[in-house]
Amino acid sequence: MCFSYSVNLQGKTIPTDLNISSANNSHQLGFFFNGFDHPNLPIISKIGETEIAQWGIIPKWIKSNHEAVEISNKTLNARIESIENKPSFSEAWKNNPCLILASGFFEWQHRNNNKNPFYIFPKNNEVLLFGGIFSDWFDPINSKWMRSYSIITKEANSLMAEIHNTKKRMPLIIPHHLAKEWMLGDYKQRFLLSKENSENYLTAHEVDPRLNSPKNNRNEAWAIQKYIPPQTTLF
DNA sequence: CCAGACGTTGTT
DNA sequence: GTCTGG
DNA sequence: CCAGACGTTGTT
DNA sequence: GTCTGG
């Protein structure tokens, strides 16, 4: 799963064949975004531009704002194994691929009955691209269309299985050299791309356990800084 | 056949 | 709109 | 889709 | 085996 990530894009490279001049500074940037807050964050839904969309896809057939909130709390992620057959995802999966711009993401390691947060990020200075899907929904209260997205997840690779050691899932990461193909291929090609292994691409370090409490303001630099846990006593 | 769900796996 | 559960 | 019925209309 | 109800 992937329920929180960071977006610090300044100075990060974007694949040149996506024809995007730079990671736009006008986008909302931050160290820690919680999916259940449904933040508006930058995605690429069309080659040549970035835009803002809301995290938690809302399918077209949703009728009310109340239903929209309910469903979007359950569509932060979409499992690649079943995405094609889920009513909430199938249409977007076939027609609306997108890339989500990030700098890293968070997972919790269960260790000694505690939950320890880790920050996972690319070894180089690239923008991290999650593979995702988007949808447009007409908001009847505000009388306007809004765009929303889901991050696709897959089985954890060995690095991620050590960190996310309970559910053993991870976000689908699209390597830069396959980004254009992700956007332009059909869903069968995208399914093949989802098998790509990002094993040597990522690294991780433990971060401050203050991330465990939503009462803390986690959207600060400490959220992604390396944290050395106190030495555990052996007795 | 119809009513009800539609989703993932939290740190709630 | 489409799928699932009963 | 699966579990359960699957029948008619007494004068018992 | 096939229909019906849920």
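Note that these values count all heavy atoms, side chains included, but never hydrogens, waters or copies made by symmetry. Keep in mind the model is a prediction, meaning the values are calculated, not measured.
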Report each atom pair, protein N/O against N/O of nucleotides 10-12 of chain B, whose distance is under 3.5 angstrom.
from: B:dG10; atom 1: N2; to: A:N34; atom 2: ND2; distance (Å): 3.4
from: B:dT11; atom 1: O4'; to: A:N212; atom 2: O; distance (Å): 3.3
from: B:dT11; atom 1: O2; to: A:R218; atom 2: NH1; distance (Å): 2.9
from: B:dT11; atom 1: N3; to: A:R218; atom 2: NH1; distance (Å): 3.2
from: B:dT11; atom 1: O4; to: A:S4; atom 2: OG; distance (Å): 3.4

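- Looking at residues two or more places apart in sequence or on another chain, you find no ring pair (Phe, Tyr, Trp, His ring centres under 6.0 Å) involving A:F89.
- For A:I62 and B:dG7, the CD1 to C1' distance is 11 Å, given to the nearest whole Å.
- Residue pairs meeting the side-chain hydrogen bond (donor to acceptor under 3.5 Å, both in side chains) criterion with at least one partner in residues 130-140 of chain A, sequence neighbours excluded, are A:N65-A:D139, A:D136-A:R147, A:D139-A:N142.
- Pairs passing the side-chain hydrogen bond (donor to acceptor under 3.5 Å, both in side chains) check and including a residue from residues 151-165 of chain A, sequence neighbours excluded, read A:T153-A:R169, A:S158-A:E199.
- A:E70 meets the side-chain contact (heavy atoms from CB on, under 4.5 Å) test with A:H66; sequence neighbours excluded.
- Applying the ring pair (Phe, Tyr, Trp, His ring centres under 6.0 Å) criterion to A:F121, with sequence neighbours excluded, gives A:Y119, A:H205.
- For A:I228, the side-chain contact (heavy atoms from CB on, under 4.5 Å) partners are A:K226, not counting sequence neighbours.
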- Task: Can you run through DNA chain D from 5' to 3' and write each base as (, ), [, ], | or . depending on how it pairs? Watson-Crick or G-U wobble, both distances under 3.5 Å.
- Result: ||||||......

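- Through side-chain heavy atoms spaced under 4.5 Å, either directly or across other Ile, Leu, Val, Met, Phe, Trp or Tyr residues, A:I141 is tied to no other residue.
- Following rounding to the nearest Å, A:N73 (CG) and B:dA5 (C1') show an atom-to-atom distance of 16 Å.
- Where DNA chain C meets chain A (any atom under 4.0 Å from a heavy atom), the bounding nucleotides read 5' to 3' are C:dG1 to C:dC3.
- Evaluation of the ring pair (Phe, Tyr, Trp, His ring centres under 6.0 Å) rule for A:F191 yields no partner, not counting sequence neighbours.
- Counting only residues at least two apart or on different chains, no side-chain hydrogen bond (donor to acceptor under 3.5 Å, both in side chains) pair has a member in residues 89-100 of chain A.
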